[in-house]
Amino acid sequence: MDTVQLTIDNKPIVVKKGTTILEAAKGIGIHIPTLCHMKLDDLNIENKPGGCRICIVEVQGRRNLAPACCTEVSDGMVVNSHSIRVVNARQTVMELILSDHPSDCLICPKSGNCDLQSLAHQLGIREIHYKGEQSTYREDTSPAIIRDIDKCIMCRRCEMMCNEVQTVGVLSAINRGFNAVVSPAFEMNLDHSVCTYCGQCVAVCPTGALTEVNHTSKVIRALSDPSKTVIVQTAPAVRAALGEEFGYEAGTLVTGKLVSALRRLGFDYVFDTDFAADLTIMEEGTELLNRLSKYLEGDKDVKLPILTSCCPAWVKFFEHQFPQMKEIPSTARSPQQMFGSIAKSYFAEKMNIKREDLVVVSIMPCVAKKYECGRDEFKVNGNPDVDYAVTTRELASLIKLANIEFTKLPDENFDNPLGESTGAGVIFGTTGGVIEAAVRTAYELYTKKSLPRLDFDELRGMEGIRHATIDFNGFPLNIGIAHGLGNARKLLEKIEAGESEFHAIEIMSCPGGCIGGGGQPYHHGNAEILKKRQMAIYREDKNKTLRKSHENPYIIKLYEEYLGKPMSEKAHSLLHTEYFDRT
Amino acid sequence: MNDNKKQLRIALRNCGFINPEIIDDYISRDGYMALGKCLTEHTPEETIKEIKDSGLRGRGGGGFPTGLKWEITRKSESDQKYVVCNADEGDPGAFMDRSILEGDPHSVIEAMAICGYCIGADKGLVYIRAEYPLAIERLQIALSQAREYGLLGENIFRSGFNFDIEIRFGAGAFVCGEETALIHSMEGLRGEPTFKPPFPSVSGYLGKPTNVNNVETFANIPAILNKGAAWFSSIGTEKSKGTKVFALAGKINNVGLIEVPMGTTLREVIYEIGGGIRDGKKFKSVQTGGPSGGCLTTDFLDTPIDYDNLIDAGSMMGSGGMIVMDEDDCMVAIAKFYLEFTLEESCGKCSPCRIGNKRLHEILDKITSGRGEFQDIERLQLLSQVIKDTSLCGLGQTSPNPVLSTIANFEDEYLAHVNEGKCPAGQCKALLKYEIIEDLCTGCTLCFRNCPVGAISGERRQPHYIDQSLCIKCGVCYEKCKFNAITLS
């Protein structure tokens, strides 16, 4: 291996050829401040346009300062990361950025979580010497995401996520010079674009330029209305991340405290989306087996592979980008929508609550869920199955607002009947989890045999595209997994070209699946956090007594009492949906 | 431009002498001879050596040795390489590339084919701004004639070498003259520069090794190969060989394109070729290097023009813009004018160029509108230095040059603006003061009746008075007064 010798801040160091100054410095404990740069290890995601010029360092013999994030080391290089020239330039560049940024930090939704704010603090900026005109743009509000572009600092992270990772291609730089800004083409509104609301732009935005639409005040209003019964469901990935907002180490499971906090917030019933995830498996698994048996009987028209349909951003993605393939995904609604539908029918009838008096709130790791619950097909006479979807971050702010000391809360259990779940429901929160849950059930229904093992390690991990073959009683079931819409696109193109070997494919829009969702506590570019959340999800699964959806007693009861059997007519009208060509 | 013994035409050798729409005209003046010789008699290495020995440096502004660039691109291994001609000429007032493409398009085509042969590329691209319709038309005619004659296409001169050229249009962004931005624009991406390395010669258009040269650089190639490296390198200074085309403009008697050997002094250019300053006014400064060059004073008039001397003097060669200023020009306003241009043309990718230039412009605007403070001058210098030190591409790294060089050479003018509230050249309107000389005023009321803002008052047949707080310095009173009773200070 070729190595390079250099010194950084008088420390000699030997690194691999091709290493950047930033990485080399990090290796010996020198932290060079960055702003636009972001690298998510293992996910193959890196943003380094070299645009912010915060990470500049002095390289001996070089005329100007070098950006550490994109300058590769060379033999004999002498780097100074904090000479007076560097510090002065870095502060001046920071002052310039701040001179074109609103100073409404106190009321900014990103306050306390803003990379720009922390950097200004780190660089000791106490005065802006170069004041002048500030850019102003109109605010753009969509069903899920707000663009407050006055706060854009042109780091281009959102653009990289939208184009390179997600291949959605909505956000890109427009205009020149001082007027340059990241925007949809022709400055159109986000809701007129092909945006999927995956929220990955929000997840990586270092400032308050991109945030979720906040629904907390609507939730508070519902909770304080005595005429309403307000129930809540929480998605699997929330319990693996919420703790981070209260000082817990990433990957700490806070399920019990989460339930406790929701009860103290005043929700009448605290339920679990995992229950609906188990229900999803019953429907989707059955659909898979139906298509599979038709295929094995020689039906050439059967649509295979079947694609999962739990992820609303993924659904919107194929409706825009691959409408010709809208018959392929499973027709099963997402767990959030199955929950809403069952809550406002089965549960409401059971409890004798009028539909309009029942408010369903969901706590989601996702911003696209806000859009999903507003889709017309998920409404009955204008009343939505799920009234409000709030993100993990919004829930944290609600808990803080209500003076609830989260860390001191006792662990409590979910309410029934919509609160019981199996380990299969839990793993919906990570990439690979839905398909693993489906395999656990489909295998047993298909082979009529008990699974010899429940942990399918071959389906787990962080690789963007993964595949495995599971032996279904002699039939090799080929399974594909993609997370990140760019990876999904690759699989879809193969299907379209007739080159796909898969029978079933799980697709999640966000890198890492829901644990990396756009509504989760900010990871600030640290991919370790995502991995720890993933491990927490699998730990929760392991701790469950029941780990197969079809063994959930409340699911069995739901079918017995109400739905009949999976894919029944009633199940179809309540739990399935259709897709639209949005081109 | 009048011919003058100080001038020597190499790049412009055919302009005006041939009909650019007739390939035979070009051939009759040794056209395509160099290409023929290269393909049939010389190896690429020999040809590259000849270019290296000639000492030719890039005429687009950077001054990078052309032969060396070719050699690096040749050594980059790849199944596909490209030759790109940068015809995105954008400096205000500069039109040498346009003149070459309009007057002698074949010289560029021939040179690109030679370059293709040398670096191992079979495809050339001309990136030309769409605002040059005649140049585009003539280039298209020339390309089809060259194809017809077998000088482009397959098996040129039966050498087995294939080469053809495509035209790509630029939408008039100055920054697309920067080679990485140019390449991105050709790829259909936003015209923004990216960090180098990798240099285009290693990874350029579509990720393949790409040799980018400017029009004028290419136009020199056939002449060098026909007459030899020794001939070319005998012209010019020690480190800058050959000639340079300049677009002479401003307060000078003869404006237009000139081509002079490197080493000619600014005095020779301005006084002998340019015929001196217009209306017998006093020379004040000459701005070279386009919007990011510097303004030089009389102290530099005897400096021989070459890449290194201009940089030492605080300016640069650039693509060859040369604007002469006289005593009526305000140097603060000139700096502001150039900043306005770079401000408009910055792509906005890096913070110092996007916001820093805006702030520089705002400070200059403050000074020229009479609100300047003493510390603004230091602020300009400090900010300029940081912008130069931290910007991503050549545009930002040089955009503060007009500010720095005018402060260095004309600090007294800045001081007059901020300390005395005066513009010595009388250009900054906000600093002008119109006053009525009581003794000369007859009270005719003409000024009173013409003032658009009612700033003038007074009784008929009595001296009038201008209220300075209302005056918008439009100068109407000054023009209308028949008794020279209004002064301007």
Side-chain angles (χ1 to χ4, degrees), chain A residues 18 20 35-36 48-58 62-72 74 85-101 128-135 152-156 159 163 172-182, chain B residues 171-176 180 184 189-198 311 339-366 375-376 378-380 382-399:
Chain A
T20 62
L35 183 54
C36 65
K48 54 169 185 181
C52 74
R53 317 307 277 184
I54 287 294
C55 69
I56 36 143
V57 293
E58 197 167 349
R62 193 185 149 115
R63 186 172 39 87
N64 55 358
L65 300 173
C69 70
C70 34
T71 309
E72 287 184 8
S74 60
R85 180 178 166 207
V86 169
V87 170
N88 170 52
R90 201 174 277 152
Q91 283 186 322
T92 305
V93 171
M94 190 64 191
E95 278 184 44
L96 287 174
I97 296 172
L98 294 177
S99 76
D100 187 28
H101 189 86
I128 294 165
H129 294 89
Y130 304 99
K131 291 201 177 80
E133 189 191 326
Q134 294 198 350
S135 333
C152 174
I153 54 162
M154 285 288 281
C155 72
R156 320 289 282 274
E159 188 182 340
N163 293 281
S172 68
I174 59 160
N175 300 339
R176 287 189 202 172
F178 191 66
N179 299 318
V181 73
V182 177
Chain B
F174 179 69
V175 75
C176 286
T180 60
H184 295 313
L189 301 172
R190 183 174 158 89
E192 272 182 350
T194 40
F195 184 76
K196 292 188 278 192
I311 286 173
L339 241 301
E340 236 155 65
F341 180 84
T342 39
L343 197 58
E344 186 91 345
E345 296 295 343
S346 160
C347 73
K349 182 173 179 178
C350 74
S351 330
C353 181
R354 180 179 71 247
I355 312 168
N357 282 325
K358 175 82 177 170
R359 299 295 172 244
L360 281 183
H361 183 262
E362 284 168 344
I363 299 172
L364 288 169
D365 188 60
K366 188 179 159 199
Q375 58 267 40
D376 285 335
E378 195 193 2
R379 219 168 265 172
L380 281 174
L382 290 174
L383 182 54
S384 293
Q385 207 48 58
V386 170
I387 296 172
K388 278 173 76 90
D389 229 4
T390 57
S391 288
L392 196 162
C393 82
L395 191 136
Q397 286 160 16
T398 55
S399 62

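Naming: A, B, ... by sequence-line order, numbering from 1 per chain.
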With rounding to the nearest 0.5 Å, note down the distance linking CG in B:L392 to CG in A:N64. 10.0 Å
Separation between CG (A:L65) and OG1 (B:T390), nearest 0.5 Å, reads 7.0 Å
Under 4.5 Å heavy-atom distance to chain B, tell me which part of A:K131 shows up: side chain, backbone, both or neither. backbone
Given a strict heavy-atom distance threshold of 4.5 Å, which part of A:N175 is in contact with chain B: side chain, backbone, both, or neither? backbone
Calculate, to the nearest 0.5 Å, the distance between atoms CD and OG belonging to B:E362 and A:S99 respectively. 8.0 Å
Under 4.5 Å from any heavy atom of chain A, what part of B:I363 do you find: side chain, backbone, both or neither? side chain
Honestly, the part of B:T194 sitting under 4.5 Å from a heavy atom of chain A is neither
Any pair counted as salt bridge (charged side-chain N to carboxylate O under 4.0 Å, His left out), so long as it reaches residues 63-72 of chain A, sequence neighbours left out: none
Just so I know, are the side chains of B:S351 and A:L96 near enough to count as touching, which here means a heavy-atom distance under 4.5 Å? no
Any chance CD of A:Q134 has more than 12 other-residue heavy atoms, nucleotides or ligands included, within less than 6.0 Å? yes
Interatomic spacing from CG in B:L343 to CZ in A:R176 - rounded to 0.5 Å: 11.5 Å
Starting from the C-alpha separation in whole Å, work towards a yes-or-no answer on salt bridge (charged side-chain N to carboxylate O under 4.0 Å, His left out) for A:E95 and B:R359. CA-CA 11 Å; A:E95 278 184 44; B:R359 299 295 172 244; over 6 Å; no
Can you name the residues that form a side-chain hydrogen bond (donor to acceptor under 3.5 Å, both in side chains) with B:K388, not counting sequence neighbours? B:N401
What part of A:I97 gets within 4.5 angstrom of chain B, counting heavy atoms only: side chain, backbone, both, or neither? both
Could you tell me the separation between the CZ atom of A:R53 and the CZ atom of B:R354, rounded to the nearest 0.5 Å? 12.0 Å
Between B:T342 and chain A, with a heavy-atom cut-off of 4.5 Å, which part of the residue counts as in contact: side chain, backbone, both or neither? neither
Of the listed A:I54, A:N88, A:I56, A:T92, the one with the largest count of heavy-atom pairs under 4.5 Å with chain B is A:T92
When you compare the side chain of A:R156 with that of B:E192, does any pair of heavy atoms fall below 4.5 Å? yes
Shortest non-hydrogen pair, B:P352 vs A:C52, comes out as CD-O, 4.3 Å
As an exercise, state the distance from CZ of A:F178 to NE2 of B:H361, rounded to the nearest 0.5 Å. 12.0 Å
Does a sphere of radius 6.0 Å around CD in A:Q91 hold more than 12 heavy atoms from other residues, nucleotides or ligands, not counting ones at 6.0 Å or beyond? yes
A:T71 portion near chain B, given a 4.5 angstrom heavy-atom threshold: both
What part of B:Q385 is in contact with chain A, defined as an atom under 4.5 angstrom from a non-hydrogen atom: side chain, backbone, both or neither? neither
What I'd like to find out is whether the side chain of A:M154 reaches to under 4.5 Å of the side chain of B:K349, using heavy atoms alone. no
Please classify the contact between B:R190 and chain A as side chain, backbone, both or neither, with a heavy-atom cut-off of under 4.5 Å. side chain
Between A:C70 and B:F195, which heavy-atom pair has the shortest distance, and what is it? O-CE2, 2.9 Å
A side-chain contact here means heavy atoms from C-beta on lying under 4.5 Å apart; do A:Y130 and B:I355 qualify? no
